[in-house]
Amino acid sequence: MRIVHVSPEIVPFAKTGGLADVVGALPAAIKTLQHDTCVFMPLYKQVKENTRDLAQVDVRLTIPIGNTVATGNLWRSVIPKTDVVAYFVQKDEYYHRDQLYGTPQGDFKDNSERFIFFAKAVLEAMKAMQLKADIVHCHDWQSAMIPVYLKTLYAVDPFFQQTKSVLTVHNMAYQGVFWHWDMKLTGLDWSLFNWKQLEFYGKLNFLKGGVVFADAVTTVSPRYAAEVQSAEFGCGLEGVLTERRDTLFGIINGIDYSVWNPEIDPLIPAKYSAKNLAGKAKCKEHLQKKSKLPVKDVPVLGMIGRLADQKGMDLVAGCLDELMTQDVQMVILGAGEEKYHKLLHEVAEKFAGKLSVTIGFDNQLAHEIEAGADMFLMPSRYEPCGLNQLYSLKYGTIPVVRETGGLADTVTDARPEALKSRTATGFVFQELSPEGLMTALTTALAAYGNQKVWKQLMKTGMAQDWSWKSSAEKYVTLYKRVVAK
Ligand code: ADP
């Protein structure tokens with residue numbers, strides 16, 4: 001098969017979220033399964049500035065946008081360390097900007113036009129290069145108009161007769177919602193602007209269009225695929241998602257073990273493995289010293305992530321006072337909403353010597369926390385997949401997570417049966433409250449007191465395989481099913 005991935009961001013070219021990691025890794029994993037893949041994304045300013053070996057492709061893009069015609073160019077390079085070709089849609093008026101989607105003041109006003117152009121440009125580029133695909137795999141709202149176009153404007157185009165589409169939604173909260181007059185820019189018939197297709201409370205919704213028209217829809221974990229069919233997680237699209245339930249799937253993201261593996265990680269002070277855990281104690285001591293915490297044998301709790309409501313920061317804040325009365329230490333790394341920066345600075349001051357808070361993005365420290373901590377907290381409200389709990393499993397850092405989305409799918413609670421069958425890997429709680437989190441932490445801290453049990457949890461998690469290979473196999477199975485339909 002040939003699979004063309006379309007994404008608004010791809011590592012290492014441009015990244016604002018986990019989506020970029022997925023599309024940076026998945027195509028190569030699919031390629032090792034003997035399927036042809038390539039990727040498309042916009043040519044942002046940062047891509048131009050940082051990508052060596054960019055070469056212009058002899059394709060001129062002429063795209064109708066509303067009553068006018070917009071022109072663009074096509075460039076190519078290769079995803080580093082792979083042989084996956086990356087194509088870049090160039091239109092400097094749209095993409096040559098410092099940010100991808102907006103400034104701190106808000107989204108760019110022309111985002112609908114930018115990504116209508118992108119969607120059409122990808123299809124036109126495929127035609128111009130005679131790049132016939134079995135599957136166009138679209139990621140998030142910025143690519144979600146492609147499934148719409150394939151079933152409407154391009155439905156009778158002989159070139160696309162064998163081409164099916166898959167849409168992956170990485171986070172249901174981002175949908176690409178625009179005022180209704182932007183329908184004119186799409187070139188689509190107004191008859192599609194109805195509540196079962198593109199219309200969403202009087203506005204135009206790109207993601208909804210993709211969900212309705214794609215041949216299959218996926219989210220990045222099976223649990224999240226089930227959750228988004230409910231009002232609590234569907235962000236208004238639960239109705240159309242429920243209608244698509246027979247073709248809605250969840251596939252867990254893989255992680256990159258060449259980067260996140262304590263046996264080879266160059267960013268940690270001592271290497272270790274499930275067979276030889278001695279290095280982990282050194283990593284813990286290093287983390288305590290670096291975080292200005294006393295070096296002693298107490299459980300160290302780690303937390304890394306965007307400081308946002310989604311990540312359950314309010315739950316952590318709500319139980320920190322109680323947690324800090326216990327003989328524990330905690331290291332938090334994150335950046336995000338201003339209110340949480342302020343709050344964390346306050347508690348860090350209050351519990352100096354027990355709690356260390358670093359505000360900012362720091363990949364080095366992220367690795368040191370994963371290696372040096374004993375437990376890792378992820379009390380998310382919702383979590384489409386989550387990566388940090390998977391890193392934690394590999395680093396023998398026991399995850400304490402809320403039972404939602406990818407967290408529920410990847411961490412097995414240390415209930416007696418699971419301990420007995422040696423399948424337990426962490427602590428999972430349901431209740432969305434500081435008390436719920438505190439109860440789970442109390443259980444985890446008690447388990448830490450029994451080092452035999454604790455080592456078993458560590459070793460079970462460290463032995464698991466959450467690599468891209470198994471995710472890629474699941475995607476290929478899905479592609480085959482879609483093609484055969
Ligand atoms: P998200 O919802 O933000 O995508 P994930 O857990 O799926 O959450 O992935 C977040 C990724 O970003 C992880 O690789 C994590 O280590 C990294 N990360 C998040 N915040 C920080 C930070 N402040 N410093 C370093 N790395 C971070």
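Small disclaimer: the values here were computed from a predicted structure and weren't measured. Numbering of ligands and ligand atoms starts at 1, following listing order.
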So which heavy atom on D265 is nearest to which on K271, and how close?
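It is O-NZ, 3.0 Å.
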Cationic tip of R97 within the cone over F108's six-membered ring, i.e. under 6.0 Å and within 45° of the normal?
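Cation-pi check for R97 and F108: passes.
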Tell me whether N205 contacts the main-chain N or O of V177 through its side chain, where contact means a donor paired with an acceptor under 3.5 Å.
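Answer holds: no.
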Residue pairs, two or more places apart or on separate chains, that pass salt bridge (charged side-chain N to carboxylate O under 4.0 Å, His left out) and touch residues 311-335:
K296-D327, K311-E383, D314-R381, D321-K350
Nearest 0.5 Å please: distance from the CD1 atom of I252 over to the CZ atom of R223.
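The CZ atom of R223 is 10.5 Å from CD1 of I252, to the nearest 0.5 Å.
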What are the atom names and distances for all N or O pairs under 3.5 Å between ligand 1 and the protein?
from, atom 1, to, atom 2, distance (Å)
ligand 1, 2 (O), R306, NH2, 2.8
ligand 1, 2 (O), K311, NZ, 2.8
ligand 1, 3 (O), R306, NE, 2.8
ligand 1, 6 (O), L387, N, 3.1
ligand 1, 7 (O), L387, N, 3.2
ligand 1, 8 (O), K311, NZ, 3.0
ligand 1, 14 (O), Y391, OH, 3.4
ligand 1, 16 (O), N388, OD1, 3.2
ligand 1, 23 (N), G360, O, 2.7
ligand 1, 24 (N), D362, N, 3.0

Any luck finding a side-chain donor-acceptor pair between E431 and S433 under 3.5 Å?
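Indeed, the side chains of E431 and S433 share at least one donor-acceptor pair under 3.5 Å.
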